[in-house]
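Taking it in order: structure first as C-alpha cells, then the write-up.
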2 protein chains.
Amino acid sequence: MRKCCEMKGFLSFIVLKMISKNEMSGEDIREELKQRKGSKPSPGTIYPVLKSLHESGFIQECTHGHKIKKYALTKKGKKEVESATKKFCELFYDMRGEFEKCV
Amino acid sequence: MRKCCEMKGFLSFIVLKMISKNEMSGEDIREELKQRKGSKPSPGTIYPVLKSLHESGFIQECTHGHKIKKYALTKKGKKEVESATKKFCELFYDMRGEFEKCV
DNA sequence: AGTGAAATATTGGATAACCGATACAACTAT
DNA sequence: ATAGTTGTATCGGTTATCCAATATTTCACT
C-alpha cells in the first residue's frame, strides 16, 4: 500500500532546520529523527546529507579537532533556511492550523 | 547546488490533503500545484499518483461518465489523511508557527 | 459526421534519496 | 598499549519519484 508521508526529499530541509535551532552533530540528528519518526536513519543517510550541505556552504563545523563534530549554519545557510521555509509554507499551505490540533 | 525544499515523496500526501478539502480533478490539482510552487507538474506525474491513490482505496470518482473526473476521499482515505497529517506534524515539528510568519 | 481541443492515461527513462555494510578515526577504560 | 565503544565517513545498490513524450478518450463546435 502506498505510503503517504515518507520523508523522501525533505531530509536535507529538516536537517537544516534542526541545525538552525541548535548546533548539532550527526548523532544528535539521528537521535532527534528517531524521536520524531520512530526509526533512526542509517549513518549512510545522514552523513552524506551533512557532507552535501557542507559542500553547498550551508553549514560549518563549529567544533574543531573533536571526535564529535557539531554543525551550525553559515550566513548562506540561514538565507537558505529562510527561503526554503517560505517555499515549504506555500507548498503545504493547507497544513496550517494542523499543528495546533496535533498535540 | 542542493535543493532543500523539493516535493519528492510528499506529492501523494499533498494531493490527498487537497482532495480532502475539495473534490478535485487531475487538472484542478495540476493547476493548484502551479499556484503553490510555480511550476505545473506534468501529466505523467499527477495521473499515476491518482491511479495509485485510487488503487489503494483512498479516493474514488465522484463524477461518473464525464470527461472530467473529480475525486473525493473514501472513508479509508479520510483515515489515511488523518494519520498522515499526524505523522507530518511530528516530523516537521519545528515548522509550527512558521505559517503565521509566512503571509 | 468530422475536426480540434482538453482531460486523462500510459510508458520508458533519469535522477537522487535512502539504506546496509563496511571501514576509518577518536576517545575511554582497563 | 590494547581493546572496546562511539561517532564519522564512504561505497554500491535498490527503489521510488517524477518528467517528457505519446497515446487515448471525451466533449464541443461547425
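Basis for what follows: all heavy atoms, side chains included, without hydrogens, waters or symmetry-related copies. Throughout, protein chains are lettered first and strands after them, A, B, ... in sequence-line order, and every chain is numbered starting at 1.
Using a 4.0 Å heavy-atom distance criterion, A:Gly44 is classed as a base contact. B:Gly26 comes within 4.0 angstrom of sugar-phosphate atoms only, judged by non-hydrogen atoms across all strands, and of no base.
A donor and an acceptor atom sit less than 3.5 Å apart, one in the side chain of B:Lys67 and one in the base of C:dA6. Judged by distance alone, with hydrogens and angles left aside, A:Ser42 brings a side-chain donor or acceptor within reach of the base of C:dG20, the pair sitting under 3.5 Å.
Residue B:Pro41 has its side chain nearest to D:dC19 when only C:dT8, C:dC18, D:dC19 are considered. Here the nucleotide nearest the side chain of A:Lys69, chosen from C:dT10, D:dG7, D:dA9, is D:dA9. Side-chain proximity of B:Lys51 to the nucleotides C:dC19, C:dT10, D:dG7 is greatest for C:dT10. Checked against D:dC19, D:dC18, D:dT10, the side chain of A:Pro48 finds its nearest nucleotide in D:dT10. Closest to the side chain of A:Tyr47, from the set D:dG7, D:dC18, C:dG20, is D:dG7. When the nucleotides D:dG7, D:dC19, D:dC18 are ranked by their closest atom to the side chain of A:Glu27, D:dG7 comes out on top.
At whole-Å resolution of the value, CZ in B:Phe13 and P in D:dT17 are 15 Å apart. A straight line from OH of B:Tyr71 to P of C:dA7 spans 15 Å, rounded to a whole angstrom. Between A:Arg30 atom CZ and C:dC18 atom P the separation is 14 Å, expressed in whole Å. Look at CD1 on A:Ile46: it is 15 Å from P on D:dT10, rounded to the nearest Å. The distance between atom CG of B:Leu11 and atom P of C:dT15, rounded to the nearest whole Å, is 20 Å. B:Leu33 places its CG atom 15 Å from the P atom of D:dT17, with the value rounded to the nearest Å. Look at CG on A:Leu50: it is 14 Å from P on D:dG7, rounded to the nearest Å. The separation between B:Lys40 atom NZ and C:dT8 atom C1' is 13 Å, rounded to whole Å.
A salt bridge does not link B:Lys79 with B:Glu82: every distance from a Lys NZ or Arg NE/NH1/NH2 to an Asp or Glu carboxylate oxygen is 4.0 Å or more.
A 6.0 Å sphere centred on OH of B:Tyr47 holds more than 12 heavy atoms belonging to other residues, nucleotides or ligands. For NZ of B:Lys17, the number of neighbouring non-hydrogen atoms (other residues, nucleotides, ligands) closer than 6.0 Å is greater than 12. Heavy-atom contacts from other residues, nucleotides or ligands closer than 6.0 Å to NZ of A:Lys75 number 12 or fewer.
A residue-by-residue look at A:Phe10 and B:Ile68 shows that B:Ile68 has its nearest nucleotide of DNA chain C further toward the 5' end.
Partner A:Glu27 forms a salt bridge (Lys or Arg N to Asp or Glu O under 4.0 Å) with one of A:Lys34, A:Lys69, A:Lys70, A:Lys40 and no other, that one being A:Lys40.
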